[in-house]
Amino acid sequence: MIENREYKAIIEGLLFAAGDEGLSVKELSEITELSKQEVQMFVNEMMMEWKLDQRGVQIVQVAKVYQITTLAEHNKYFEKLASAPTRSQLSRAALETLAIIAYRQPITRLEIEEIRGVKTDRTVQLLQRKGLVRETGRGEGPGRPILLGTTKEFLEYFGLNRLEDLPAPDSLFNWQEMEQERNDLFERLGVEKV
């Protein structure tokens, strides 16, 4: 008969092997042939034990799956790793575009361009290559434009469990101020707002 310690080792190995994809309680239950309640109990115990042992990794729930991640308090070391020349970071333009997509999804490229006031084709392509943005369908308008939205990788990148965990947009952006600045710019340029 398998002991609790061995089940925990099996779950740890499974979560490690699953990587960024993670595993749900249901999936862990099916693989280990334990009940969902037993799996949840083992995962909860492991989370507590790892914290008490001050391990360098932790088990977290992201987008309804469990995965092994590093600790937030070690971020300064990971930032050094990420700033190495071989690592690429998101530019300000990419972050702005990503924020617009996250808060306004589903959204078309044209709508993003109207908000930012610049072309976004290359930026959107970069975000898609990084797996942070994906096509979510087609709009109802002329030409049935492609709709964009964020991905599970977006949630993981920002350490969110679900989109509802995003900070309130008004705490980050003053949309009315941005809209007024945009209108002022159109007026100064003598361009009619579309």
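Numbering of residues begins at 1 and proceeds along the displayed sequence. For clarity, every value in this text was computed on a predicted model and none was experimentally measured. Below, each value reflects all heavy atoms present in this structure, side chains not excepted, and no hydrogens, waters or symmetry copies.
The local environment of CZ in Arg138 is crowded, with over 12 non-hydrogen atoms from other residues, nucleotides or ligands closer than 6.0 Å. By the 6.0 Å contact criterion, CD on Glu73 is enclosed, its count of non-hydrogen atoms from other residues, nucleotides or ligands being greater than 12.
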* Asked: For Trp50 and Ile68, what are the C-alpha separation, side-chain angles and deciding distance, and is it a side-chain contact (heavy atoms from CB on, under 4.5 Å)?
  -> CA-CA 11 Å; Trp50 290 17; Ile68 296 174; 4.0 Å; yes

* Asked: Under the side-chain contact (heavy atoms from CB on, under 4.5 Å) criterion, do Glu153 and Asp20 qualify, and how do the steps go?
  -> CA-CA 8 Å; Glu153 287 79 9; Asp20 292 342; over 6 Å; no

* Start with the C-alpha gap between Leu14 and Thr32, add the side-chain angles, then the distance that decides, and say whether side-chain contact (heavy atoms from CB on, under 4.5 Å) holds. => CA-CA 10 Å; Leu14 289 169; Thr32 60; 3.9 Å; yes

* Could you go through the side-chain contact (heavy atoms from CB on, under 4.5 Å) check for Val25 and Val43 one step at a time? => CA-CA 9 Å; Val25 169; Val43 169; 5.7 Å; no

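Residues passing the salt bridge (Lys or Arg N to Asp or Glu O under 4.0 Å) test with Lys64: none are found, sequence neighbours excluded. Here Arg5 pairs with nothing under the salt bridge (Lys or Arg N to Asp or Glu O under 4.0 Å) rule; sequence neighbours left out. Remark: Glu111 engages no residue in a salt bridge (Lys or Arg N to Asp or Glu O under 4.0 Å) (not counting sequence neighbours). By the salt bridge (Lys or Arg N to Asp or Glu O under 4.0 Å) test, Glu140 is found to be paired with Arg144, residues two or more places apart in sequence or in another chain being considered. Under the side chain to side chain contact (heavy atoms under 4.5 Å, CB included) criterion, Glu6 pairs with Ile2, Ile10, sequence neighbours left out. Listed by chain and residue number, Thr108, Glu113, Glu114 satisfy the side chain to side chain contact (heavy atoms under 4.5 Å, CB included) test with Leu110 (two or more places apart in sequence, or in another chain). With sequence neighbours excluded, the residues satisfying side chain to side chain contact (heavy atoms under 4.5 Å, CB included) with Ala63 are Lys152, Leu155.
In plain terms, the two heavy atoms of Thr136 and Pro106 that are nearest each other are OG1-CB, 3.8 Å. Closest of all the heavy-atom pairs between Ser35 and Ser29 is C-OG, 3.7 Å.
Side-chain atoms of Asn44 and Gln40 form a donor-acceptor pair, as typed in the model, at a separation below 3.5 Å.
As a member of the Ile/Leu/Val/Met/Phe/Trp/Tyr network built from side-chain separations under 4.5 Å, Leu126 groups with nothing else and remains a singleton. Summarising the hydrophobic clusters (Ile, Leu, Val, Met, Phe, Trp, Tyr; side-chain heavy atoms under 4.5 Å, direct or chained), the residues clustered with Val65 are none. Residue Leu52 shares its hydrophobic cluster (ILVMFWY side chains chained together at separations under 4.5 Å) with Met48.
In this structure a side-chain-to-backbone donor-acceptor pair under 3.5 Å is missing from Glu21 to Ala18. Here the side chain of Gln105 pairs a donor or acceptor atom with the backbone of Ala102 at under 3.5 angstrom. Side-chain atoms of Gln58 come within 3.5 Å of backbone atoms of Thr70 as a donor-acceptor pair (strictly under, hydrogens ignored).
Considering only heavy atoms from C-beta on, Ile115 comes within 4.5 Å of Ile107 through its side chain. At least one side-chain heavy atom of Glu135 sits less than 4.5 Å from a side-chain heavy atom of Leu148.
Aromatic ring pairs are classed by plane angle as parallel below 30°, tilted from 30° to 60° and perpendicular above 60°; the pair Phe158 and Phe154 is tilted.
For the atom pair CD of Glu30 and OG of Ser24, the computed distance is 7.0 Å after rounding to the nearest 0.5 Å. Taking CZ from Arg109 and OG1 from Thr97, the interatomic distance works out to 11.0 Å, rounded to the nearest 0.5 Å. Between atom CE of residue Met46 and atom CG of residue Asn4 there is a gap of 12.0 Å, rounded to the nearest 0.5 Å.
Ile112 pairs with exactly one of Ile100, Val118, Thr123, Asp121 by the side chain to side chain contact (heavy atoms under 4.5 Å, CB included) rule, that one being Ile100.
By the rule that hydrophobic residues join a cluster once side-chain heavy atoms approach within less than 4.5 Å of another member, Leu127 and Tyr103 end up as members of one cluster. At a threshold of 4.5 Å between side-chain heavy atoms, the hydrophobic network of Ile, Leu, Val, Met, Phe, Trp and Tyr places Leu90 and Leu160 in one connected group. Hydrophobic clustering, with ILVMFWY side chains joined whenever heavy atoms are under 4.5 angstrom apart, keeps Ile59 apart from Leu71. Val62 and Ile11 fall into different hydrophobic clusters, where Ile, Leu, Val, Met, Phe, Trp and Tyr are joined by side-chain heavy atoms under 4.5 Å apart, directly or via other members. Linking Ile, Leu, Val, Met, Phe, Trp and Tyr residues whenever their side-chain heavy atoms come within less than 4.5 Å leaves Leu147 and Leu132 in two separate clusters.
Screening residues 47-59 for salt bridge (charged side-chain N to carboxylate O under 4.0 Å, His left out) gives Lys8-Glu49, Glu12-Arg55 as the qualifying pairs, with residues at least two apart or on separate chains. Judged as a ring-ring contact (aromatic ring centres under 6.0 Å, His included), the pairs with a partner in residues 1-23 (not counting sequence neighbours) are, in order, Tyr7-Phe42.
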